[in-house]
**Student:** 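Once you've had a glance at the structure underneath, I'll fire off some questions.
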2 protein chains.
Amino acid sequence: MPKVETFDRTNVLHNATEVFHKKGYNGTSMQDLVDATGLNRSSIYNSFGSKLGMFMEVLSFYRNNGNKQMGKEIVQNQNALDTLQSIFCWYVTDIIEDKDHKGCLIVNCKSEMVNQEPLIRSFMEQNQEQMMAFLEDVVHNGQMEKIINEDQTATQYALYLYSSIQGLRMTGILNTNKEELENLIHTILSVLK
Amino acid sequence: MPKVETFDRTNVLHNATEVFHKKGYNGTSMQDLVDATGLNRSSIYNSFGSKLGMFMEVLSFYRNNGNKQMGKEIVQNQNALDTLQSIFCWYVTDIIEDKDHKGCLIVNCKSEMVNQEPLIRSFMEQNQEQMMAFLEDVVHNGQMEKIINEDQTATQYALYLYSSIQGLRMTGILNTNKEELENLIHTILSVLK
DNA sequence: TTAATTTTGAAACGTTCATTTCAATAAAAT
DNA sequence: ATTTTATTGAAATGAACGTTTCAAAATTAA
């Protein structure tokens with residue numbers, strides 16, 4: 001009977017994510033991945049098919065991890081505005097902890113590859129869909145509770161928030177001042193009040 | 001006495017910009033640049049030193065062109081809010097005209113290279129400084145005219161606008177719906193009123 | 001132990017990478 | 001016409017690229 005996959009796939013993805021995050025897709029070589037994961041070159045191809053195949057798994061891994069971490073910040077039964085506050089605060093924390101100014105892997109990849117690689121474009125479209133749906137839901141709840149104004153529809157505010165998050169991610173690459181970032185998210189969220 | 005540079009440097013930079021914009025720095029090869037510019041490989045090295053050298057000139061070229069174009073949109077003697085409106089509208093136009101979803105060369109480069117290449121980091125820091133100073137000035141004028149509120153300082157609003165612009169640039173990669181984008185900038189600017 | 005299957009190591013695949021070299025050609029000022 | 005410098009073309013540099021190959025080693029179930 002077959003020998004079973006021995007290496008820790010989560011650990012391998014974690015290490016691969018680190019390299020891709022630091023160097024970008026085109027800046028990362030297969031040798032970089034061999035070095036970072038400790039996996040044999042052949043094993044990478046056996047398990048992930050190609051560099052792009054591995055990267056797609058890395059993207060999902062990164063997103064799932066982010067969602068998991070952010071989920072912890074969101075307390076049940078807090079109002080919609082506090083939920084948004086928690087989300088944005090998580091981004092600020094993530095920015096401040098990012099000592100080497102890498103930014104967000106997903107945002108970086110969007111700007112690097114959406115116009116070049118259909119698989120990436122699909123991922124990003126699906127990612128946007130998912131985030132927009134979530135944000136719209138939160139805003140909608142806030143509007144029902146009269147905590148968020150109705151100057152704009154929930155959909156319109158969701159796009160505003162989605163755009164603001166991407167802006168925050170880009171800004172955080174060069175600006176990691178906690179007070180300035182917290183003031184920034186205060187300004188962003190003030191629109192909804 | 002010496003033969004003088006014969007090729008049209010502006011035209012060469014224009015063509016080089018197109019390739020770098022489409023493929024990103026790491027995605028662009030020297031062969032791509034030879035093909036796009038029509039210049040000989042040696043001439044590129046003679047005139048620009050290296051791939052990075054050429055890219056640095058391309059970055060400045062792209063920025064100067066953008067500033068020039070945007071300058072035309074800004075009418076003299078309009079109030080501060082209208083100036084901001086003009087600026088954001090120019091971005092929307094640029095997004096809509098960008099049929100192949102390349103996004104902004106400078107934003108893309110920031111996310112690809114700031115943490116890898118000191119020259120790029122300096123460029124981006126200087127670029128941010130410049131934009132922030134300009135935005136701060138506009139906001140400050142608006143506040144003097146009582147057209148922009150004073151809930152936040154001009155500096156704080158400048159960061160908010162700078163961040164919003166980067167967000168708009170990222171959003172515009174996948175979302176090119178004119179009405180949605182115009183509503184987005186309306187929401188962004190509503191904070192200042 | 002044997003049979004089945006995956007992981008591993010190392011080498012090689014052919015291509016492309018950024019950059020250099022150099023002799024030949026072209027143009028301007030003396 | 002001669003000198004000076006730039007542009008050009010084409011080839012070559014050596015290293016790195018993503019991917020494939022394959023026999024040896026390892027592991028599990030029968």
**Student:** Please check if the side chain of N115(B) supplies one atom and the backbone of K22(A) the other of a donor-acceptor pair under 3.5 Å.
**Tutor:** yes

**Student:** For F55(B) and Y25(B), take the angle between the two ring planes, folded into 0 to 90°, and tell me which bin it lands in: parallel under 30, tilted 30 to 60, perpendicular over 60.
**Tutor:** tilted

**Student:** Can you give the dot-bracket line for DNA chain C, using ( ) for pairs inside the strand, [ ] for pairs that cross earlier ones, | for pairs with another strand and . for unpaired bases, where Watson-Crick and G-U count if both distances are under 3.5 Å?
**Tutor:** ||||||||||||.|||||||||||||||.|

**Student:** Between protein and nucleotides 18-20 of chain C, what N or O pairs are separated by less than 3.5 Å?
**Tutor:**
from: dA18(C); atom 1: OP1; to: T28(B); atom 2: O; distance (Å): 3.1
from: dA18(C); atom 1: OP1; to: K51(B); atom 2: NZ; distance (Å): 2.9
from: dA18(C); atom 1: OP2; to: M30(B); atom 2: N; distance (Å): 2.6
from: dT19(C); atom 1: OP2; to: Y45(B); atom 2: OH; distance (Å): 2.9
from: dT19(C); atom 1: OP2; to: K51(B); atom 2: N; distance (Å): 3.1
from: dT19(C); atom 1: O5'; to: Y45(B); atom 2: OH; distance (Å): 3.2

**Student:** Any chance NZ of K193(A) has more than 12 other-residue heavy atoms, nucleotides or ligands included, within less than 6.0 Å?
**Tutor:**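 Result for NZ/K193(A): enclosed.
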
**Student:** Could you check N40(A) against N40(B) and say which one's nearest nucleotide on DNA chain D is further toward the 5' end?
**Tutor:**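 Of the two residues, N40(B) wins.
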
**Student:** When you measure from the side chain of H101(A) to the backbone N and O of I173(A), does any donor-acceptor pair fall under 3.5 Å?
**Tutor:** yes

**Student:** Quick one: is dT8(C) close enough that its OP1 or OP2 comes under 4.0 Å of any side-chain N or O from S43(A)?
**Tutor:** yes

**Student:** Tell me the interatomic distance from D35(B), atom CG, to dT16(C), atom P, rounded to whole angstroms.
**Tutor:**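 Distance, rounded to whole Å: 12 Å.
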
**Student:** Expressed in angstrom and rounded to an integer, what is the separation of N46(A) atom CG from dT5(C) atom P?
**Tutor:** 15 Å

**Student:** Give the cluster check for V107(A) versus Y91(A): same hydrophobic cluster or not, with ILVMFWY residues linked at side-chain heavy-atom distances below 4.5 Å.
**Tutor:**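 Not linked; separate clusters.
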
**Student:** With rounding to the nearest 0.5 angstrom, report the NZ to CG distance, K110(A) to N108(B).
**Tutor:**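 Interatomic distance, K110(A) NZ to N108(B) CG, rounded to 0.5 Å: 10.5 Å.
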
**Student:** Sequence neighbours excluded and cut-off under 3.5 Å, please list the side-chain donor-acceptor pairs for residues 122-130 of chain A, or say none.
**Tutor:**
from: S122(A); atom 1: OG; to: P118(A); atom 2: O; distance (Å): 3.2
from: E125(A); atom 1: OE2; to: R121(A); atom 2: NE; distance (Å): 3.1

**Student:** Treating Q143(B) as the side-chain partner and Q152(B) as the backbone partner, does any N or O pair qualify as donor plus acceptor under 3.5 Å?
**Tutor:**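 Yes, because the side chain of Q143(B) sits within donor-acceptor range (under 3.5 Å) of the backbone of Q152(B).
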
**Student:** What is the distance, rounded to the nearest whole Å, between atom CD1 of I44(A) and atom P of dT19(D)?
**Tutor:**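 Rounding to the nearest Å, CD1 of I44(A) and P of dT19(D) are 11 Å apart.
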
